[in-house]
Amino acid sequence: MTASSNRVSQAGLIWRALVLPAALIIIWAVLDAFSLLNSNILVSPTKVLVTAYQGFADGSIPGATAATLLRALTGWTIGASVGLVVGVLIGLSGIARGLFDPSISSLRQIALFAWIPLFSAWFGNGEIMKVTLISLGAFFPMALGAQAGCQNVPAPFREVGRALELSRFATLTKIILPAAVPAILTGLELSLNIAWLGTFGAEYLIGTGYINGMGDGLGAYLAAAREYARMDQVLLGVLFLALIGVALDRLVIGLSRRLIPWRTA
Amino acid sequence: MADSLTLSPPKKLDAGSVKIADVSKTFRVEGRTVHALDSVSLSIEAGEFISIVGPSGCGKSTLLRFLAGLDGPDSGRIIVDGEAIDRPSLRRGIVFQDHRLLPWFSVEKNIGLSLHSVSGSEVEKRERVQYLIDLVGLTGFEKALPHELSGGMSQRAAIARGLAPRPPLLLLDEPLGALDSLTRSHLQDELLAIWEREKCTVVMVTHDVEEAIYLSDRVVVMEPRPGRISQIFNIRNARPRYRDDPEFVTTRREITELLGSQKKKNH
Amino acid sequence: MSDVTFKNAVLVDTAFDRSTGRGWRGIVSAPSLPSWTGKAVLGLVIPFLVLALWSYAVRQEWLAEQILPDPRLVYETTLDLLITGQLPAELAVSLGRVASGLAVGGGLGLLFGLAFGLFRPLDIYVAPTVRAICLVPSLGWLPFFMLLFGIGEALKIILIAKTCFLPLMVGAYEGIRSRPRKYDDVARALELPWFARVRLVVWPSILPSILTGVRQALSRGWKVLILVEMISSAAGLGYLMMWGRKAFQLDVVFATMIVIGLVGWALDYGLTKFQHQTTGWSFKAAA
Ligand SMILES: Nc1ncnc2c1ncn2[C@@H]1O[C@H](COP(=O)(O)OP(=O)(O)OP(=O)(O)O)[C@@H](O)[C@H]1O
Ligand SMILES: [Mg+2]
């Protein structure tokens, strides 16, 4: 994507990319300086900064972020682990695939948040319900990735195993699983993505008061900010949500690159 | 330009003469300078069949692209029928080394594409396409997509696409490279028949010395680094030619030895 | 979050496997299972077990009926909602929203993607900002949009448009940037005029990646819509489901979930079929 042409260096590209945002912020600040902004809808940049400072000072933003992060990671760990086991099983055994694949494919079609009403009736609006929902969301991409990885091991690899007369177990650990790793990693990344968004969605939906109870986390923070029409807080929360999402994403990709240097495909 | 082409056979006999004068070209590949062509000169008469042989990387495809007008040389001039080439034209049909059939179109549509800019009725064009499909032996594969064809079938479809607009100058880049020997010799005879009937000029790149001698009036042997013409062989045998004819065999040995000595020189 | 960086290789591949013959043969590679009947029987085992357990649980009154309705009640409610036309009506509302969101957002995304792909200055100066804005997930925009646009119809359309924007922008952009250049020589050699070049050579080569974008847009848009409808709506499937939950009519919730799943599946299946029909070459040419 970033095939920099010979004329423009990488650093030059970054500078150029920053021109537009800088211009927008300047326009924003200038409009604000001449008080041309409707302060309810488009708050001033300084106000957002002040809010950020206050949020960090009183601990509300780090607290909300930590709660969301903890929840997302818990749900991700549970969902991805189960997904990995089920996915590998389905990928390896024709019978397991015949048994589970149709059910999983059908359930996967139901939008994640469409489970909320059911889960909230079953598990209440507390932690159990949220973590169940997040785990469910994280489960599907992981299972799918693991299945695809194990199922699509290139035939030449399998033949190596046969030629070396490896045992079934050795074939699994030495050939199939390593070959499936890239697909499994993709599943892992995707499931973290969904876990993060699922956490936010669950918190937000329950926090809006349409279902009783408020809860904590970034979602609840944003829901409250919206309820009180605090645009500064909304902007701040949205920014945080995006930044941490991207950071998580990079972290997992970076870690997986480091841990597993090879790529099949 | 395109409008001057018609689907009926050409009447002029003098179309397709080529003058290549002092053509040079360098490429920069990963910081190094590659002399793809170094003052290459060659005159080709209208109606001649010329083959170019030479080791890989000696600039054969590059020269052919210049003739087609897809690229231009750094210095030197290429003149076709008295006009300097500055862009591609349907009057110079090219068949690429890697067939380049559009993967989203069927064989039929791929061939038909070369008639898009040619004047003529739809019916006429469809007939021409079908005629060419039959000619290259792809009958029954009209609706097939390129990925459903074998390498040789794709090449034959590409040849048909090159022939469709009846170009006075036909440029072929290893057109029979991926064919089995039987289809290959069949298509060689087909190519000769087409050339004799259409009275076009043909410039063909090939790696097969025997094929070059079998088909051409002249065989141009090129050498690499820098890419230039090392020798030109006139083949005077009357057609049809026989591969075991003593003269044929002698010429083949000469060319093969020349190519072999080039290889030694370069290693 | 960067939904783009997930290449979706896994999802696309399996969808492909399923809709062609390859996956089927893979499944039946299990010992001695003849054709699709065996597969269907095997696939129905789990649903039947769940259904049996469910019925048994209801019979034994393990859980309150509001929490676990009788499966037969769910079935009857589904039929009822279908026959009275309530479910189709809500479905029509939801589908209409998705369609207009896709038309607006997808159309804009297509335009932006093409523009970024074709004009280098735009790609250098404007695209990074647009991408950065797109890094904020659609859900994150929800509170912002709710403050800006209220909770009316505009909110839903805009949010879905925002969701559909990115996949199409990326699809069009990647299509243009990674399009095989070698066919340009063919177009030049055949003296195709400008319009024919775009229509016959350029457009078909980027269509596969655009269609993949549409598919992604639709599946994401559908999921986001359900959430917005649950939060703020007086119509649509999400609303119906939320209503069922508040009235503790879980049979309605179940019925709606089934429909949501079915429609999500049908949209994706239909588009995949369409994709294979129109740009099937791209799947096979690569293999
Ligand atoms: N577009 C290009 N950019 C850079 N270098 C090029 C380009 N085209 C050709 N070359 C270089 O020019 C030289 C001649 O290439 P060319 O394709 O003409 O060889 P060729 O004789 O057709 O070889 P082959 O028989 O393998 O097809 C090669 O060294 C190649 O690396
Ligand atoms: Mg070549």
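Owing to the predicted nature of the structure, the values given are computational and were not obtained by experimental measurement. These numbers come from the heavy atoms of this one structure, side chains and all, not from hydrogens, waters or symmetry mates. Proteins get letters first, then strands, A, B, ... in listed order; numbering begins at 1 in each.
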Review point. Can you tell me if CZ on C:Phe254 sees more than 12 non-hydrogen neighbours from other groups inside 6.0 Å?
Key: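 Count over threshold, so yes.
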Review point. Taking atom CG of A:Leu18 as the centre, does the number of heavy atoms from other residues, nucleotides or ligands within less than 6.0 Å exceed 12?
Key: yes
Looking at [atom1] of [X] and [atom2] of [Y], how far apart are the two atoms once the value is rounded to the nearest 0.5 Å?
| X | Y | atom1 | atom2 | value |
| --- | --- | --- | --- | --- |
| A:Ser120 | C:Met242 | OG | CE | 6.5 Å |
| A:Leu222 | C:Met146 | CG | CE | 11.0 Å |
| A:Met231 | C:Leu147 | CE | CG | 5.0 Å |
| A:Arg226 | C:Phe144 | CZ | CZ | 13.5 Å |

Practice item. Would you mind telling me which of A:Leu239, A:Val19, A:Leu118 has the largest number of heavy-atom pairs within less than 4.5 Å of chain C? Key: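 Looking at each of A:Leu239, A:Val19, A:Leu118 in turn, A:Leu118 comes out on top.
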Check your understanding: Can you tell which of A:Gly201, A:Gly237, A:Ala111 has the highest number of heavy-atom pairs within less than 4.5 Å of chain C?
Key -> A:Ala111
Nearest heavy-atom neighbours spanning [X] and [Y]:
| X | Y | result |
| --- | --- | --- |
| C:Pro137 | A:Leu241 | CG-CD2, 4.0 Å |
| C:Ile226 | A:Ala114 | CG2-CB, 4.1 Å |
| A:Pro21 | C:Thr129 | CD-OG1, 3.3 Å |
| C:Ile46 | A:Ser103 | CB-OG, 3.7 Å |
| C:Phe248 | A:Ala121 | CE2-CB, 4.2 Å |

Is there a side-chain contact between [X] and [Y] in this structure, where contact means two heavy atoms from C-beta onward sitting under 4.5 Å apart?
| X | Y | result |
| --- | --- | --- |
| C:Met230 | A:Leu205 | yes |
| C:Leu68 | A:Trp122 | yes |
| A:Phe113 | C:Leu139 | yes |
| C:Leu227 | A:Tyr204 | no |
| A:Gln109 | C:Leu262 | no |
| A:Ile116 | C:Arg245 | no |

Considering only heavy atoms and a distance below 4.5 Å, find which of [options] pairs most often with chain A.
| options | answer |
| --- | --- |
| C:Gly238, C:Pro143, C:Gly140, C:Gly244 | C:Pro143 |
| C:Pro128, C:Gly43, C:Gly264 | C:Gly43 |
| C:Pro121, C:Gly261, C:Ser178 | C:Gly261 |

**Study point:** Candidate pair A:Leu20 and C:Tyr125, rule side-chain contact (heavy atoms from CB on, under 4.5 Å), full reasoning
**Key:** CA-CA 7 Å; A:Leu20 185 62; C:Tyr125 288 98; 5.7 Å; no
Exercise for review: Would you sort out whether A:Trp115 and C:Met257 count as a side-chain contact (heavy atoms from CB on, under 4.5 Å), showing the intermediate values?
Suggested key: CA-CA 8 Å; A:Trp115 291 95; C:Met257 279 175 76; 3.3 Å; yes
Revision key, fill the gap. Given the options C:Val253, C:Leu250, C:Val252, A:Pro117 meets side chain to side chain contact (heavy atoms under 4.5 Å, CB included) only with C:Val253
